[in-house]
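Notes for the one structure printed next.
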Amino acid sequence: MVVYKRLWGYTRRYLAMFLVGIIGVSIDASMQAVFIKGMQPLIDRVFVGKDSEFGLLLAGAILVISIIRMAGNFAGVYGMEWVGRKVIADLRQELFDKYVSLPATFYDAFSSGQLISKLAYNSEQVASAATHSVVTAIRDVMIVVFLLGVMLTTNARLTLVMLLLVPIIGLLVTVISRRFRKISHRIQDMMGNVSHVTEEAVTGQQVIKVFQGQESEKARFREVNEKTLRLHMRMRATHLASSSLVQLAAGLALVLLMLIATRPNMLSSISAGTFTAIFTAMIASIPPLKRLTGVQAQVQKGIAAADSIFQVLDVDSEQDSGTFAVDRVRGDIEFKNVSFHYDSSEKPILNDVSFAVPAGSVTALVGHSGSGKTTLAGLLPRFYTGYGGHITLDGHELADYALDNLRSHIALVGQQVVLFNDTVAGNIAYGALAGKSRDEIAKAATDAHAMGFIEQLPDGLDSLIGENGTLLSGGQRQRLAIARALLKDAPVLILDEATSALDTESERMIQEALSEVIKHRTTLVIAHRLSTIESADQVIVLDQGRVVECGTHEALLANEGTYARLYRTQFGDE
Ligand SMILES: Nc1ncnc2c1ncn2[C@@H]1O[C@H](COP(=O)(O)OP(=O)(O)O)[C@@H](O)[C@H]1O
Ligand SMILES: [Mg+2]
């Protein structure tokens, strides 16, 4: 019920067009009833009474009725579909807007395939329910109502037979719709799994090839595919059972009608026309009644789909209760007794972490993989909140900053480079950087040592790089990400193994360039190469989420502790 009400909230925005649709559909339906009502005079006056002039009149009436019906049908269907499509477009847009505003924790919990399927498949289900099914439902209900009117005005006593159908159909519809909705929910989840499996197979195609995962992937897909098939067939069987039952019930009503109408005392009081009109009206009401149980399936699918979309829409967006905003921060960062764990497990990832990064200095974060470096860096742009302790930027708690303002101070090159299906220039000057000039873009690319390969691309900065930069090498992708971060020119720069895909030569060149740009900013660099660490102002050593050592490279080496061991195993050969 809540879902209906909420969907109605969307529909109400287009009330005028919705009314046009309803009126059009009712005109169509009422004309169909008028048509059948005309049976009575057609038979009684024209054929039994041999009134041929009245026959001409009726022919004229049929012409007029047909034209009115056509207009009503067009306006009705077009109006309803227009409203339905508008509602879907609104719903999709809202869902997409929600996706870009959801916190990182949400994305940890859902697979991207499922989220894409919600936007593509589920909203299409709402669409077909909101357009096609609503038109059919409204029209068929009206047809049945009007036909009932025809029967009642023709002969009320005979029509009472028809009313026997009402409780039977009512019962069917309630029992069946519950079942429909349950199956629909499961079908949607299955469609999510279908996209999920497909997405993995598509993005992982090389791994699948080399590790010969074709058979297991096929089996995985076959399983979800067959489950979906079975669910669809179960839905279809339920639907067919219900429409067959309606057919049977209507057949019984017809039999009853015959039995009553052909009793001797009835026969004398009913004209051929009256009987034909009622009989035809009853027969004519069977297809809409059958369709109505089918529409029920569509509508329930739509409701289930809308429900799953509303569930996402109801997830809280990223919290942004902070109001503090400055044009440019100096870049003093301090972590005080910071502890953190992800929602998915209670295991602490960061444990009582404290250190300070003075403005304009370079801090290298080292530690074994899994020690919590990326997690720590992700706290600064507030990807995750809900940590214990304090993190301050220029002395202000991160949570006090308005989210947009906080992020405007931070440039980040993550472990996984993300590129968009756009040109090289569009990828460097991404998002809020879109207003940067051509020269600035070129300079950032040059500083990131990316200009060399960019110039060799067919259209230079204007070359398209394919989805997620598939046409580039790992090192090239990383250099674009670095260029993007340099162009942002933010006071705080976070480099998370930003040069891991580069060879020593390019890394050294970037290092030189970086040593220029990091002069004026606070840099947190998660390093895996010695050269970066050696030149840092301080090195922080993380081990299982704890800061175990802190100092300069030389001091830590002399200390003969964790860092010295890490240094020998990891960098011994450099
Ligand atoms: N989104 C996540 N949800 C749950 N656990 C995570 C998530 N990301 C990382 N972890 C866990 O947190 C720990 C630290 O990971 P991470 O910060 O990426 O380490 P590092 O960058 O030092 O290699 C790992 O044990 C990892 O399994
Ligand atoms: Mg990491």
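FYI, the numbering just counts along the sequence from 1. Because the structure is a prediction, the values reported are computed rather than measured. In what follows, every heavy atom counts, from backbone to side chain, and hydrogens, waters and symmetry copies are set aside. Both ligands and their constituent atoms are indexed starting at 1 by order of listing.
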I'd like to check which ligand 1 atoms, numbered from 1 as shown, lie under 4.0 Å from a non-hydrogen atom of [X].
X: Tyr384; answer: 1 (N)
X: Asp108; answer: 1 (N)
X: Ile349; answer: 11 (C), 12 (O), 13 (C), 14 (C)

**Q.** Mode of Ser344 contact toward ligand 1 - side chain, backbone, both, neither (heavy atoms, under 4.0 Å)
**A.**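 It is the side chain that touches ligand 1; the backbone stays farther off.
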Look at [atom] and say which protein heavy atom is nearest, naming residue and atom and giving the distance to 0.1 Å.
atom: atom 9 (C) of ligand 1; value: Tyr342 CE1, 3.5 Å
atom: atom 20 (P) of ligand 1; value: Gly370 N, 3.5 Å
atom: atom 25 (O) of ligand 1; value: Lys347 NZ, 3.4 Å
atom: atom 16 (P) of ligand 1; value: Thr375 OG1, 3.6 Å
atom: atom 21 (O) of ligand 1; value: Thr374 OG1, 2.6 Å
atom: atom 19 (O) of ligand 1; value: Gly372 N, 3.3 Å

Q. Using 30° and 60° as the class limits, which term best fits the ring planes of Phe420 and Tyr430: parallel, tilted or perpendicular?
A.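 Ring orientation of Phe420 relative to Tyr430: parallel.
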Q.
Classify the ring geometry of Phe355 against Phe335: parallel below 30°, tilted from 30° to 60°, perpendicular beyond 60°.
A.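 Rings of Phe355 and Phe335: parallel, under 30°.
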Q: Give a yes or no on whether Thr375 keeps an N, O or S atom under 2.8 Å from the Mg ion (ligand 2).
A: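 It does not; every qualifying atom lies at 2.8 Å or beyond.
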Q: For the Mg ion (ligand 2), decide whether Thr374 has an N, O or S atom at a distance under 2.8 Å.
A: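 Checking Thr374: at least one N, O or S atom is under 2.8 Å.
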Q) Do we get Arg6 above Phe310's six-membered ring, with its NZ or CZ under 6.0 Å from the centre and within 45° of the axis? A)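 Yes.
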Q) So, are Arg220 and Glu217 salt-bridged, with charged N and O less than 4.0 Å apart? A)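 Glu217 and Arg220: salt-bridged.
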Q. Do ligand 1 and Ser369 have nitrogen or oxygen atoms that lie under 3.5 Å from each other?
A.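 No: no nitrogen or oxygen of Ser369 is under 3.5 Å from one in ligand 1.
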Q | Exercise: identify the closest heavy-atom pair between Val126 and Ala305 | A |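 Nearest pair, atom of Val126 first, then Ala305: CG2-CB, 3.7 Å.
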Q) So Leu419 and Leu472, side-chain contact (heavy atoms from CB on, under 4.5 Å) or not? Walk me through it. A) CA-CA 10 Å; Leu419 296 172; Leu472 301 176; 4.2 Å; yes
